[in-house]
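This report refers to the structure that appears directly beneath it.
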Amino acid sequence: MGLKRNNIICYYLIMAIRRIAGHALAPGRIIKHHIRVHGTEIHVPYIIITGTKPGPLLLVTAGIHSAEYVGIQAAVELSSEIDPEELSGTVIIVPVANRSGFENRTMSMVYEDGKNLNRVFPGDENGTAADRLAYMLFNTFIRHVDAYIDLHSGDGYEELIPYVYYVGDTGCEVQAAGMASCVDTEFIVRSRCRTGGAYNMASVNGVPSVLIERGQLSIYSREEVDSDKADIINIMKYLGMLKGGHVEYTKTQLFEHEWFSPSDGCWYPEYHAGDTFFAGDTLGTIRDYFGKTIKKIIAKENGVIIHQCASLNILKDGPMISYGVFNEEELSLPD
Ligand SMILES: [Zn+2]
């Protein structure tokens with residue numbers, strides 16, 4: 001008992017010393033605040049909930065892509081539903097990371113510079129608005145935490161089935177895979193991407209991280225928001241932050257290939273997110289405004305579509321089809 005009491009005293013001392021965004025993490029507090037991104041007029045809201053008992057420091061972000069509303073709403077709701085008395089450790093929630101994009105409906109891009117925030121981490125304190133925003137998020141929150149959950153969906157032009165990413169070969173992939181197993185989806189994607197994205201950069205910096213994808217076409221529903229919240233609660237149980245046993249879901253592991261459009265034009269997909277296909281299948285056609293075929297998209301291997309462009313418009317070098325294969329060795333590079 002003496003040892004346990006000493007451990008608890010140590011926790012209070014460490015958490016009081018540990019500071020996030022200038023706040024000492026004293027136990028049993030709820031802090032609601034904004035942080036200004038240096039050199040911009042962007043003020044990013046955040047909530048810090050410190051438990052009355054010792055435990056890990058978890059970060060949840062949403063709205064890095066600002067029209068992916070399922071995660072944003074889930075984060076907003078969770079911010080007022082976690083009780084410090086029930087919590088072991090600390091949760092930081094950033095519900096709308098790309099706030100100016102959200103308020104100006106610039107889809108996933110940062111309003112001030114048109115950049116995709118999830119391609120510029122860990123950011124640059126002297127760069128454009130997106131670079132500075134990423135720098136602030138990474139250095140104020142991400143690199144200081146013990147675990148990280150980033151919430152995403154399909155953007156306004158994207159169909160998507162729910163799945164979860166973690167990054168392999170980081171040194172913390174076992175913990176990340178454990179967190180991912182708590183997400184209620186059929187598929188898990190083991191990513192090889194080590195640059196640009198918030199959870200990718202967190203992972204290579206030793207923070208076990210997952211990215212949850214749920215929802216599509218910038219639509220959100222009660223069911224999807226509740227599912228995101230249930231996944232986060234389940235991961236918190238896995239991390240020992242909440243009482244009760246966690247549930248681990250059996251999953252199929254995939255390796256992803258992002259296939260970008262070879263041309264501008266009108267896009268006519270043959271399949272939907274969640275469909276499987278075989279090598280040689282026509283996955284879609286790009287046509288011009290006169291209906292003439294510019295390019296037929298032919299599968300080079302067997303796979304399952306996890307997200308794809310669903311808008312009539314498609315952009316050269318923009319997202320077209322992201323699919324998963326079941327074995328990493330099968331992954332070839334399509335044209
Ligand atoms: Zn996203």
Side-chain angles (χ1 to χ4, degrees), residues 44 59-76 93-111 113-123 130 133-134 137-138 141-142 148-167 176 180 183 185 187-189 191-203 209-221 224-225 227-229 231-232 254 256-260 273-274 305-311 315 317-324:
V44 178
L59 172 65
V60 179
T61 60
I64 281 182
H65 290 146
S66 55
E68 299 179 359
Y69 299 133
V70 173
I72 294 172
Q73 183 57 23
V76 166
I93 299 174
V94 180
V96 194
N98 177 10
R99 179 178 176 174
S100 64
F102 182 84
E103 292 176 351
N104 290 280
R105 292 199 192 122
T106 48
M107 305 288 276
S108 284
M109 304 307 171
V110 173
Y111 172 68
D113 59 15
K115 287 184 180 176
N116 184 334
L117 179 59
N118 218 29
R119 301 290 179 273
V120 300
F121 280 89
L133 174 54
L137 291 168
F138 191 78
F141 301 111
I142 294 171
Y148 176 33
I149 303 168
D150 191 22
L151 302 176
H152 286 253
S153 308
D155 203 336
Y157 64 91
E158 282 178 319
E159 308 187 317
L160 180 146
I161 52 163
Y163 63 98
V164 57
Y165 286 105
Y166 75 105
V167 183
V183 177
T185 57
F187 295 112
I188 180 170
V189 177
S191 173
R192 298 159 297 167
C193 178
R194 296 164 157 272
T195 58
Y199 97 103
N200 310 85
M201 291 308 303
S203 300
S209 304
V210 295
L211 187 157
I212 300 172
E213 295 272 15
R214 179 176 285 112
Q216 59 178 348
L217 302 167
S218 287
I219 298 167
Y220 73 101
S221 67
E224 290 164 330
V225 170
S227 294
D228 263 11
K229 287 162 59 179
D231 285 342
I232 294 166
L254 299 173
E256 183 185 22
H257 187 92
E258 291 187 89
W259 200 346
F260 298 99
I305 295 173
I306 52 178
H307 64 89
Q308 71 172 357
C309 179
S311 63
L315 300 173
D317 299 326
M320 183 173 66
I321 298 172
S322 279
Y323 62 88

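Every number for a ligand or one of its atoms is a count from 1 in the order of the listing. Side chains included, hydrogens not; waters and symmetry mates left out as well; all remaining heavy atoms used.
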- Take T61 and Y148 through the test side-chain hydrogen bond (donor to acceptor under 3.5 Å, both in side chains) and record every step on the way to the result. CA-CA 8 Å; T61 60; Y148 176 33; 2.7 Å; yes
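- Checked against side-chain hydrogen bond (donor to acceptor under 3.5 Å, both in side chains), S311 has no partners two or more places apart in sequence or in another chain.
- In the model, E159 has a side-chain atom that pairs as donor or acceptor with a side-chain atom of Q308 under 3.5 Å.
- The one candidate from L211, L254, V210 that meets the side-chain contact (heavy atoms from CB on, under 4.5 Å) condition with Y165 is L211.
- Using a 4.5 Å heavy-atom cutoff, the side chains of V120 and V110 are not in contact.
- Around the Zn ion (ligand 1), protein atoms of type N, O or S found under 2.8 Å number 4.
- The only member of E213, E68, R214 that meets side-chain hydrogen bond (donor to acceptor under 3.5 Å, both in side chains) when paired with H152 is E68.
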